[in-house]
Amino acid sequence: MDPTYDPQKIESKWQARWAEEKLFESEVDAARKKYYVLEMLPYPSGDIHMGHVRNYTIGDALARYMWMKGFNVIHPIGWDAFGLPAENAAIKNQRHPSEFTFSHIDRMRGQLKRLGVSYDWRREVATCVPEYYRWNQWFFIRMFERGLAYRKKSRVNWCPSCETVLANEQVVNGCCWRHEETPVMERDLEQWFWKTTAYAERLLDDMKELVRWPERVLSMQQNWIGKSVGAEIDFPVNEIGEHLRIFTTRVDTIFGCTAVYLAAEHPLVEKLISFSEDPEKMRRDVEGVKASTARARAEVNFEKMGVDTGYTARNPFNGENVPIWVANFVLMGYGTGAVMAVPAHDERDFEFSVRHGLPVRTVIVPCDGEIPQVLKSAYTETGPNSKLVNSGPYDGLSSEKAIERMTREAEAKGFGKGTVQYRLKDWGISRQRYWGSPIPIIYCDACGIVPVPDKDLPVILPPEVKLTGQGQSPLASVPEFVNTRCPNCHGRARRETDTMDTFVDSSWYFYRYTSPHISTAPIDKDAVKYWFPVDQYIGGIEHAILHLIYMRFFTKVMRDIGLVDFPEPVARLFTQGMVIKDGAKMSKSKGNVVDPTAMFAKYGADTVRLYTLFAAPPSRDFDWSDSGIEGASRFLNRAYRMVAKYSSPPASGPARPTAQNGKSRWDLHQVSAEERRLIRKTHQTLRHVTEDLEGRWHFNTDVAMVMELVNELSDLEDAIEAGKIRPEILRDSLEILVLMISVFVPHTADELWEGLGHAQATLRVPWPDFDPELAAEDELEIPVQVNGKLRGRVRAAVSVDEAELRRLAQADEKVIQFINGRQVVKIIIVPQKLVNIVVK
RNA sequence: GCGAAAGUGGCGGAAUUGGCAGACGCGCCAGACUUAGGAUCUGGUCCCGCAAGGGGUGGGGGUUCGACUCCCCCCUUUCGCACCA
């Protein structure tokens with residue numbers, strides 16, 4: 001074989017051969033155990049970046065390992081192909097978004113193939129084709145039928161210059177992306193929502209299935225769902241014969257309530273204004289609060305402010321009348337938009353009351369505490385160790401018990417109830433955009449809102465649209481799209497002109513991979529049954545919340561529809577760290593972007609892969625260094641030359657002699673010292689790499705271990721030349737070496753494997769079993785400490801007993817020096833590890 | 001402010017279960033081969049010290065025969081949440 005390493009030549013040779021052999025294609029096979037490796041699908045932005053390389057290299061190592069372990073592996077890829085950037089580019093260049101999208105896909109597909117990732121390309125999916133998005137529409141209709149899709153007014157960003165809706169990404173510093181001087185306004189539009197909140201409890205509950213998800217992701221999701229258990233209590237408003245409903249998690253503190261605060265947007269506020277003696281003034285005051293709410297929300301420490309409306313509400317527990325305020329820190333979007341103020345036991349209320357000179361009344365104290373004369377800060381403890389005071393019939397109850405009993409009594413008397421609040425909001429899926437899945441809804445004057453019948457799907461995105469970035473939703477300006485017939489009454493009707501959020505596309509794409517071309521249903525249930533759940537999902541932490549919640553939500557809906565029979569789609573999740581350069585995220589504006597394709601051209605894909613894996617453990621951020629990759633390149637060259645130098649067609653004799661069936665081939669009594677060294681190092685490396693691939697995933701240490709093995713081979717070269725290492729033993733080590741690196745640098749490995757005289761790609765070769773006996777040391781160097789400090793070392797056989805070790809340690813010259821006649825108090829022996837002599 | 005993760009040589013990082021701190025690599029130093037070196041190979045490289053020895057994993061305390069690892073307090077960085085009642 002070629003003695004010099006030529007990665008460009010090797011890589012194109014093997015990529016062609018793999019494709020020809022259909023090496024990465026797999027089919028449902030009930031007789032074999034499956035393994036589903038999934039990486040987050042890329043947005044076709046034009047070129048892959050180092051984050052992609054890292055993501056797919058990790059996934060590829062796992063997929064290749066699982067193939068070699070005998071699993072039937074599915075490893076697919078696709079394109080998250082709808083979305084705003086293509087639409088923006090289209091507006092700018094007066095071209096069609098699909099042009100950008102498909103040319104980007106072509107380019108990036110080529111780059112991924114150049115990286116040599118083991119994808120089954122037959123399963124490739126692009127979300128922007130009707131064959132795919134028709135099923136988004138199908139899901140929409142299923143949601144609609146189940147009451148999970150509904151319309152309501154919702155706020156959007158509005159540019160008064162374009163007279164159009166802006167996506168959040170199009171808002172730059174509070175201004176329009178195209179009119180940097182124009183501040184963005186807000187508008188209310190009728191939009192479609194999906195009831196994710198109906199699944200809040202299941203999304204929380206089923207987290208117990210996600211034992212192999214990162215703690216961090218689960219806690220972010222938990223936080224996002226934000227469940228809190230409390231009570232809603234009605235306070236009659238004395239002056240106008242209505243009541244207002246507050247939400248609290250601390251009903252036990254209600255005897256300490258000194259006011260009620262409303263959000264400025266609360267519907268009751270309008271009524272209070274209209275009944276007020278001086279509506280003008282009150283409206284001005286409320287507008288002041290409202291303005292400060294909007295302004296201040298953006299700031300870190302904004303000032304709490306509010307106005308006393310002059311109205312009063314009656315606390316139903318004690319009949320006391322308390323003032324009603326409008327306050328800028330009360331959120332309309334959470335709970336009921338009204339809260340009771342208990343300054344003694346809530347930090348915000350305390351701060352607000354102190355500022356406005358309002359009373360503070362203690363009603364909770366520690367069980368063993370006194371009622372304080374003056375409170376310096378709010379006492380917010382709760383639970384069994386706090387008790388009620390100044391609370392009429394509830395005095396003496398623990399905070400915990402009081403919540404329970406008071407909630408029950410509020411229910412019995414009809415002025416309140418226990419409730420659960422979530423921070424999770426329903427998912428607003430409408431986008432006033434062109435490049436997305438049309439929402440399959442028809443508006444008929446006679447029949448109202450009518451879903452498009454399944455037989456009429458897909459609702460095709462019309463190709464002829466003038467994208468100006470101005471005016472209403474782009475589809476609204478296409479009469480042949482908008483004007484249609486009502487499926488019910490066949491009268492004239494109009495289509496919905498909004499499209500769906502692209503997160504819809506990515507919520508179920510990984511199901512589609514298992515049967516990418518089925519045209520009768522979104523998924524083939526049998527294929528899903530075989531391949532699911534996803535065994536390993538790999539992607540960036542930035543998707544911890546939105547994508548990874550929507551995906552879970554979708555699966556639950558699919559289960560309710562009867563498409564799947566499991567609650568969670570992904571068994572195990574791995575979030576890789578970012579690739580950074582010079583301590584900062586790579587970005588064009590900083591000019592610190594490293595282009596993978598340039599690196600492929602300079603070093604070859606395998607070197608880029610190797611360096612990516614070696615530079616840092618995959619879970620951590622990885623700081624790219626140009627000299628670091630040189631090291632990886634050097635190593636691959638060295639390893640290649642080493643194996644190539646000693647490659648020869650295999651001698652006849654048994655196949656690779658690793659410990660198949662638990663029996664080692666090499667009789668350790670019959671090998672030379674040098675042979676023993678090589679065999680041991682080989683199997684120690686194999687043990688480490690194997691165990692690591694099984695789940696620890698510190699690939700950097702695997703690469704380091706393999707480097708040590710190559711160093712060992714290099715140290716043993718004289719012995720090899722001198723014939724002290726038999727060819728079959730050398731060959732065994734080289735083969736194990738090549739198989740180990742094949743999951744990291746597959747092209748190089750296959751080339752070397754061929755050089756060793758094998759016809760098959762390494763992917764089809766069983767992963768070698770390591771043999772503990774071959775990996776074992778037979779002599780140990782045991783450190784000896786005196787009072788915990790290292791003072792000497794003794795050599796001993798592995799089988800050495802404690803008594804002997806004790807004797808050896810105390811006989812060591814250095815150790816004797818340090819004991820120096822002092823009294824030995826005790827000797828601690830950690831078998832095979834260490835001796836510590838404690839002296840006084 | 002709350003929550004989570006992290007902090008180890010000049011740098012990336014290793015130490016899997018409380019047991020030799022700094023594996024492996026980069027960089028640097030010295031040398032070999034060379035017309036040449038940004039190729040390759042050899043040796044060295046935590047700090048102080050000629051050495052013996054001493055010190056050392058953000059800082060301080062503690063537990064232990066023994067702590068990068070466990071506990072308490074503090075500092076710094078990153079990420080997430082941020083008036084959620």
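Model, not experiment: these values are computed from the prediction. In what follows, chains carry the letters A, B, and so on, assigned in the order in which the sequence lines appear, proteins first and then strands, with residues in each chain numbered from 1.
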Output yes when A:Glu320 and A:Arg314 qualify as a salt bridge under the 4.0 Å nitrogen-oxygen rule, no when they do not.
no

A:Asp252 and A:Thr382: which non-hydrogen atoms are nearest, and at how many Å?
OD2-OG1, 4.4 Å

Report yes if a side-chain nitrogen or oxygen of A:Arg793 is closer than 4.0 Å to either non-bridging phosphate oxygen (OP1 or OP2) of B:G19; otherwise report no.
no

Any donor-acceptor N or O pair under 3.5 Å, side chains A:Tyr611, A:Glu630
no

Report which part of the nucleic acid A:Val339 touches: base, sugar-phosphate, or nothing (heavy-atom distance under 4.0 Å, all strands).
base

Using the side chain to side chain contact (heavy atoms under 4.5 Å, CB included) criterion, which residues pair with A:His543? Sequence neighbours excluded.
A:Met40, A:His547

Considering only heavy atoms and no angle criterion, is a donor-acceptor pair shorter than 3.5 Å present between the side chain of A:His688 and the base of B:U16?
yes

Between B:G3 and B:C73 - P atom distance, rounded Å:
12 Å

Sorted by position of nearest nucleotide on RNA chain B, 5' first, the leading residue of A:Gln785 and A:Val838 is A:Gln785

What does A:Asn711 touch in the nucleic acid at a heavy-atom separation under 4.0 angstrom: a base, only the sugar-phosphate, or nothing?
sugar-phosphate

Would you tell me if any nitrogen or oxygen in the side chain of A:Tyr334 comes within less than 4.0 Å of OP1 or OP2 on B:A85?
yes

Does NZ or CZ of A:Arg620 lie under 6.0 Å from the centre of the six-membered ring of A:Trp697, at an angle within 45° of the ring axis?
no

For B:C11 versus B:G62, give the span between their C1' atoms, rounded off to a whole number of Å.
34 Å

Whole-angstrom distance between B:G59 and B:U77, as gauged at atom C1'
15 Å

Between A:Tyr379 and A:Thr362, do the side chains contain a donor N or O and an acceptor N or O under 3.5 Å apart?
no

Runs of at least three Watson-Crick or G-U pairs with RNA chain B, cut-off 3.5 Å
B:1-7 with B:75-81, B:10-12 with B:24-26, B:27-32 with B:40-45, B:46-48 with B:53-55, B:58-62 with B:70-74

Just call it for A:Glu708: base, sugar-phosphate, or nothing, with non-hydrogen atoms closer than 4.0 Å on any strand.
sugar-phosphate

Taking the six-membered ring of A:Phe329 as reference, does the NZ or CZ atom of A:Lys304 fall below 6.0 Å from its centre and within a 45° cone about the axis?
yes

Could you measure between the two P atoms, the one in B:G12 and the one in B:C2, and give it in whole Å?
30 Å

Under the ring pair (Phe, Tyr, Trp, His ring centres under 6.0 Å) test, which residues partner A:Trp427, sequence neighbours left out?
A:Trp194, A:Tyr550

Looking only at atom C1', what distance separates B:U57 and B:C47, rounded to whole Å?
13 Å

Using a cut-off of less than 4.0 Å, is there contact between a side-chain N or O of A:Ser228 and OP1 or OP2 of B:A85?
yes

Pairwise P distance, B:C24 and B:A51 [rounded to whole Å]
24 Å

Nucleotides 3-13 of chain B: which of its N/O atoms have a protein N/O under 3.5 Å away?
residue: B:G12; atom: O2'; partner: A:Ala615; partner atom: O; Å: 2.6
residue: B:G13; atom: O3'; partner: A:Asn700; partner atom: ND2; Å: 3.2

Taking syn as a glycosidic torsion within 90° of 0 and anything else as anti, which one is B:G9?
syn

Quick one: label A:Gly631 by what it contacts on the DNA or RNA (base, sugar-phosphate, nothing), any heavy atom closer than 4.0 Å.
sugar-phosphate

Nearest whole Å is fine: how far is B:A67 C1' from A:Asn787 CG?
16 Å

Contact list (N/O, under 3.5 angstrom) for nucleotides 40-42 of chain B vs protein:
none

Give a yes or no on whether a salt bridge exists between A:Arg245 and A:Glu232, defined as a side-chain N under 4.0 angstrom from a carboxylate O.
yes

NA contact type, A:Thr701, heavy-atom cut-off 4.0 Å: base, sugar-phosphate, or nothing?
sugar-phosphate

Taking the P atom in each of B:A14 and B:C81, what is the distance between them to the nearest angstrom?
27 Å

Hey, which sits more toward the 5' end of RNA chain B by its nearest nucleotide, A:Tyr422 or A:Asn223?
A:Asn223

Whole angstroms only, please: what is the CZ-C1' distance between A:Phe770 and B:U16?
13 Å

For residues A:Glu381 and A:His345, determine if any side-chain heavy atom of one lies less than 4.5 Å from a side-chain heavy atom of the other.
no

Roughly, in whole Å, what's the span from CZ in A:Phe350 to C1' in B:A85?
17 Å

Atom CD1 of A:Ile545 and atom P of B:G80: how far apart are they, to the nearest Å?
9 Å

Rounded distance in Å between the C1' positions of B:G37 and B:G31
15 Å

Identify each atom pair where a protein N or O and an N or O of nucleotides 47-56 of chain B are less than 3.5 Å apart, giving names and distance.
residue: B:G54; atom: OP1; partner: A:Arg791; partner atom: NH2; Å: 3.4
residue: B:G54; atom: OP2; partner: A:Arg791; partner atom: NH1; Å: 3.1
residue: B:G55; atom: OP2; partner: A:Lys789; partner atom: NZ; Å: 3.2

Here the distance between atom P of B:U17 and atom CG of A:Leu834, to the nearest Å, is 18 Å

Report yes or no: does A:Arg638 contribute a side-chain atom to a donor-acceptor pair with the main-chain N or O of A:Met707 at less than 3.5 Å?
no

